[in-house]
Q: 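Mind having a look at this structure? Questions to follow.
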Amino acid sequence: MAKSCFLQLIAQVQEVSLDGLETYVPLLSMSQNLAKLAQRIDFNQSSDSDEDGPERESREPWGKPEPEEDEGTVKFQPSLWPWDSVRNNLRSALTEMCVLHDVLSVLKDKKYMALDPVSQDPALTKTPQVFQLISKKKSLATAAQLLLKGAEKLTKSLAENQEQRRQRDFNSELLRLRSQWKLRKVGHKILGDLSYRSAGSLFPHHGTFEVIKNTDIDLDKKVPDDYCPLNVQIPSDLEGSAYIKVSIQKQSADIGDLGTVSLFRRQPKAKPGSQMWHLKLEAAQNVLLCKEIFAQLSREAVQIKSQIPHIVVKNQIISQPFPGLQLSISLCHSTGEKKSQRASPDKSKPDDHLYVLEHNLHQLIREVHTMPHPASSPFGHKRLRLAGPMAYDKAEISSLQQSEGLLEKIIKQAKHIFLRSRTARTIDSLASRIEDPQIQAHWSNINSVYESSVKVLITSQGYEQICKSIQLQLNIGVEQIRVVHRDGRVITLSHQEQELQDFLLSQMSQHQVHAVQQLAKVMGWHVLSFSNHVGLGPIESIGNASAITVASPSGEHAISVRNGPESGCKVLVQFPRNQAKELPKSDAVQDARWTHLRGPYREVHCGRMEGRNFVYKMELLMAALSPCP
């Protein structure tokens with residue numbers, strides 16, 4: 001045991017690590033030590049050494065031979081075989097394995113040899129562990145100082161980067177804001193402009209907003225997704241949302257309520273990628289636009305002279321385009337803190353929304369108000385810019401510059417929309433109420449702002465090809481309706497609904513007579529008389545009655561039809577005198593040849609006849625009275 005400790009103490013140090021741990025050269029095993037000692041023996045010595053062995057051992061106790069006289073003699077002869085070293089190593093390994101095998105076989109029997117563990121003294125091993133702990137502690141202290149110094153440097157650089165990033169983000173957002181809005185620097189402030197002065201607006205509101213830097217958030221903490229380093233401050237009277245509400249309401253029972261239109265109404269929905277300052281500026285500019293448009297409409301409402309004066313009360317303009325019809329234009333403005341009663345519009349049905357009027361008004365306002373109008377430009381006729389006797393005088397120039405105001409155009413569009421709607425309702429009511437004849441309306445998809453057209457066809461079911469006499473073209477304007485007939489005649493109707501209804505009823509009445517005329521031509525009957533305006537009989541309160549008389553091909557029978565808008569249809573049939581049962585006697589007519597003339601008329605009850613419509617019944621009647629071939 002002492003020997004092992006001594007060997008450990010005298011062992012050589014191989015390596016000392018950074019943490020103070022020493023690595024020693026491993027001690028040789030018994031077999032390695034034996035091989036090392038065997039390498040020192042020279043097996044090539046001469047046999048003389050064996051004969052002088054005792055004497056040489058006495059003289060040389062360490063076994064060192066004396067030097068020979070002949071120094072040129074070689075003491076060691078190397079092997080000439082190249083694999084000699086490999087053979088020697090394999091032989092030594094075989095020897096060691098044989099020795100190990102013998103030792104293990106002896107230890108297995110436990111008769112002559114046994115293994116006993118060697119216990120070391122803990123006092124001897126305690127000293128190196130203490131040294132190791134001290135060295136590790138010093139190494140850890142050095143590493144901790146290095147880490148603390150690096151953490152301080154990183155903290156300083158991170159704070160500088162955050163400040164630079166904040167300034168850089170603010171500058172980038174400011175550049176983005178400047179690309180979309182007008183900005184200017186006044187002192188230490190950055191101001192922007194929301195007004196339409198660059199487009200020629202004269203509204204007195206300044207429309208100025210201020211750009212400020214957002215410093216309310218701590219960048220050391222987690223930054224929210226919607227964080228923006230830039231914020232805008234708008235005037236208090238431009239906060240919230242605003243829109244212009246245009247509604248057409250009825251004041252009498254015979255006029256339908258058309259509905260409402262909301263202009264410049266924006267939904268507060270953020271688009272992906274848009275900033276909060278952009279939404280705030282758009283909403284504020286929309287409020288400013290609505291206020292400017294309403295101010296212009298209010299000024300025009302006071303200046304325009306009309307038969308029924310316009311009424312301006314607070315944020316509402318009331319006008320009467322037609323008797324019993326009210327046009328209301330209101331400014332609805334709501335803020336986030338306090339919503340006014342006008343800010344929450346009534347939930348109207350989809351049918352009550354006037355999409356055509358909304359589109360027209362948007363187009364009108366964009367064209368009249370928000371389009372850029374340069375202060376000076378060579379627009380107009382050349383004579384406006386020339387001097388001399390050929391130039392326009394002041395009266396001519398003022399007459400050319402006279403134009404309608406925005407309110408007048410809105411009222412004209414409202415009149416046209418109302419007249420168009422009432423015309424469509426009148427045609428639909430007649431089509432649903434009267435089955436014979438049928439009335440059809442084909443509306444044109446291409447219309448102007450103040451004029452629409454509809455083609456009205458009056459037909460009979462099953463006889464559309466032969467009954468095409470009544471085709472009307474209705475051109476609906478602002479205050480009147482122009483009716484163009486198939487033959488080119490033009491009739492002008494007012495905005496009154498009763499006039500249009502009476503006219504269509506009279507045309508439907510004339511259609512029945514025209515249908516009988518066309519049917520008679522097809523059936524081979526002869527038209528004896530035809531008139532659209534009959535002067536005999538009861539007077540019609542709506543239009544005039546029309547009549548036709550047709551005779552059979554043989555001339556024996558005749559049919560007379562009289563149709564009026566109110567009195568209805570009356571059919572009379574005339575038979576020959578020889579077929580009359582009760583023929584009145586006449587003293588003047590004594591000759592027998594006069595018996596071949598037609599006798600008196602007899603009325604036909606059309607309601608008792610078979611047939612789906614009037615023309616079909618007349619076809620059956622003509623077929624029954626026609627002679628067989």
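All heavy atoms count here, side chains included; hydrogens, waters and symmetry mates do not.
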Q: If you measure from the Lys or Arg side-chain nitrogens to the Asp or Glu carboxylate oxygens, is any gap between K280 and E239 under 4.0 Å?
A: no
Q: Does a side-chain heavy-atom distance below 4.5 Å link I318 with V313?
A: no
Q: Minimum heavy-atom separation for H485 to Q507, with atom names?
A: CE1-NE2, 3.6 Å
Q: Spell out, as yes or no, whether a donor-acceptor pair under 3.5 Å connects the side chain of Q480 to the backbone of L493.
A: no
Q: Considering all heavy atoms of both residues, which atom of K412 and which atom of V478 are nearest to each other, and what is their separation?
A: O-CG1, 3.9 Å
Q: Where do P235 and H206 come nearest, in terms of heavy atoms and distance?
A: CG-CE1, 3.8 Å
Q: Could you walk me through whether K415 and I411 pass the side chain to side chain contact (heavy atoms under 4.5 Å, CB included) test, one step at a time?
A: CA-CA 6 Å; K415 285 182 177 181; I411 293 175; 4.0 Å; yes
Q: For the residue pair I293 and L331, establish whether any side-chain heavy-atom pair is separated by less than 4.5 Å.
A: no
Q: Can any side-chain N or O of S448 pair as donor or acceptor with the backbone N or O of E451 at less than 3.5 Å?
A: yes
Q: At their closest point, which heavy atom of P565 faces which heavy atom of S509, and how far apart are they?
A: N-OG, 3.7 Å
Q: Count the heavy atoms of every other residue, nucleotide or ligand shown that sit under 6.0 Å from CG of L18, and state whether that count exceeds 12.
A: no
Q: If you measure only the distance, is there a donor-acceptor pair under 3.5 Å linking the side chains of Q326 and S319?
A: no
Q: Verify the distance criterion only: is there a donor paired with an acceptor across the side chains of H205 and D237 at less than 3.5 Å?
A: yes
Q: Taking the side chain as everything from C-beta on, heavy atoms only, tell me whether I329 gets closer than 4.5 Å to I410.
A: yes
Q: So, do W181 and L194 sit near enough that their side-chain heavy atoms are less than 4.5 Å apart?
A: yes
Q: What are the two closest heavy atoms between F614 and D436, and how far apart are they?
A: N-OD2, 2.9 Å
Q: Might you point out which heavy atoms bring S453 and N447 nearest each other, and give the distance in Å?
A: N-OD1, 3.5 Å
Q: Would you call T492 and I481 a side-chain contact if the rule is heavy atoms closer than 4.5 Å?
A: no
Q: Is any side-chain heavy atom of L177 less than 4.5 Å from a side-chain heavy atom of L183?
A: yes
Q: Looking only at atom types and distance, does a side-chain atom of S421 sit under 3.5 Å from a main-chain N or O of I417, one as donor and one as acceptor?
A: no
Q: State yes or no: are the ring centers of H495 and F322 separated by less than 6.0 Å?
A: yes
